[in-house]
Amino acid sequence: MSRATCDARLPSITNSSNRYRMKDKPNIVVVGTGGTIAGRGTSAVDTSAYACSVLAIDEILSAIPEASSLANLSAEQLLQSGSENFNEQHLLMIGKRVSEVLKDDTVDGVILTHGTDTIEETAYFLHLTLKSVKPVVVVGSMRPPSAMSSDASLNLYDAIAVAIHPSSHGKGTLVVANEEIHSARDVTKTNSFKLEAFRSPYGALGYVTQGKPRYYRTPSRDHTVSTPWSIDDIEALPKVDVVYAYGALESELVRAIAADASGLVFAGTGNGNIAEHMVEPLREATRRGLHVVRASRTGSGVVIRNGAQPDDDYDWIVVDDQPPQKARILLMLAMLGNPDERRALQAAFYRF
Ligand code: DGL
């Protein structure tokens, strides 16, 4: 079957149900944005082919009555779209809304339901820009609720269990999937269809099982209240593009992209390698003011400064260990405070 069109326009909030004043259980707000967790197939065997972003957040929650024993839940539909459609406006809209909800003293935590394709980018953006120690958990599913062995209900139930628990405070934005709790900084989607799709290079922060989180690690890099960026103050983000390297990549393509951007994350081969014919176009763009960040297309590891390329001489930046799509998020934010200061931009990659 064909997938439903994912509508990524920016609607106003369609449903903001009753906030609760009684404090018998923690108060959690669940903000829906679409994705597979809001998807529906025509039969239970449709685990990978289905219409995405069709179930309202209320419908998703009503499928797990067990969740109401954990928390007082309030749901609102912020977006209804596949996350592959999300751009900077969507990031800002999501961030500002989550920030607003967190400021309500009666709210103990926020859950954001989200498509899994770009969950890591939105979660990392929130991790770097929210100014709160309250738990924020981003959750999706690899199979729609209608499919056999769907992970939708359990992932959402687990996300609530994580959001209500005191041990989740101050850990930054979390991503819950497949009974694991990941830091938004580290997690990436590493598989296109399996339930076990999410990995953090240094391991998950912990597990969540039987409605209880168990943490074994804490994030070591600065996040949320320790970063210089507040979502409340950000009105626009600079244009940063990603170029994926391959042997026959032509310099004209890079020149065209560079002409229109303020930053470029170059997903180089291996340790951020750059083909000989590509070096001069990138240096030329750097001299014109474009920030070039060397990343790796390998999917893991560290890009060593002055390793594969003389970054000091060329005035380039390296990602440390961030994959290109997350390096893009960090560069956009780092450029807000230091639009021209390359040393400060490099420092951001080692701090966050
Ligand atoms: N349309 C994709 C997205 O919203 C579906 C993937 C998913 O949610 O698992 O990211």
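Order of appearance sets the numbers: ligands from 1, and atoms from 1 within every ligand. Predicted model only: the values in this text are computed from it and were never measured.
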Give yes or no for whether the N/O distance cutoff of 3.5 Å, strictly under, is met between Thr118 and ligand 1.
-> no
Check Ser53 against ligand 1 and report side chain, backbone, both or neither, counting heavy atoms closer than 4.0 Å.
-> neither
Between Cys52 and ligand 1, which part of the residue brings a heavy atom under 4.0 Å of the ligand: side chain, backbone, both or neither?
-> side chain
At a 4.0 Å threshold, what atoms of ligand 1 neighbour a non-hydrogen atom of Gly35?
-> 4 (O), 8 (O)
In Å and rounded to the nearest 0.5 Å, what is the CG to CG distance from Leu156 to Asp151?
-> 11.0 Å
Where ligand 1 meets Glu84 - atom numbers and elements under 4.0 angstrom, heavy-atom basis = 1 (N), 2 (C), 3 (C), 4 (O), 10 (O)
Side chain to side chain contact (heavy atoms under 4.5 Å, CB included) between Phe86 and Asp117: does it pass, once the steps are laid out?
-> CA-CA 10 Å; Phe86 289 178; Asp117 285 2; over 6 Å; no
Cluster overlap Leu345 with Val243, hydrophobic side-chain contacts below 4.5 Å | no
Heteroatom proximity flag, Tyr50 to ligand 1, N/O under 3.5 Å | no
Are Ser251 and His277 linked by a side-chain donor-acceptor pair shorter than 3.5 Å?
-> no
Hydrophobic side-chain clustering at under 4.5 Å (ILVMFWY, transitive links): who's grouped with Val302? Put none if nobody.
-> Ile304
For Ser141, the ligand 1 atoms whose distance to one of its heavy atoms is below 4.0 Å | 7 (C), 8 (O), 9 (O)
Polar contact flag for His114 and ligand 1 (N/O pairs, less than 3.5 Å) | no
Ligand 1 to Asp117 polar contact by distance, N or O atoms, under 3.5 Å | yes
Winner among Thr36, Ile37, Thr33 once heavy atoms are compared against atom 5 (C) of ligand 1 | Thr36
Cluster overlap Leu282 with Leu331, hydrophobic side-chain contacts below 4.5 Å = no
Examine Val292 and Met335 and state if one hydrophobic cluster contains both, with Ile, Leu, Val, Met, Phe, Trp and Tyr joined whenever side-chain heavy atoms are less than 4.5 Å apart.
-> no
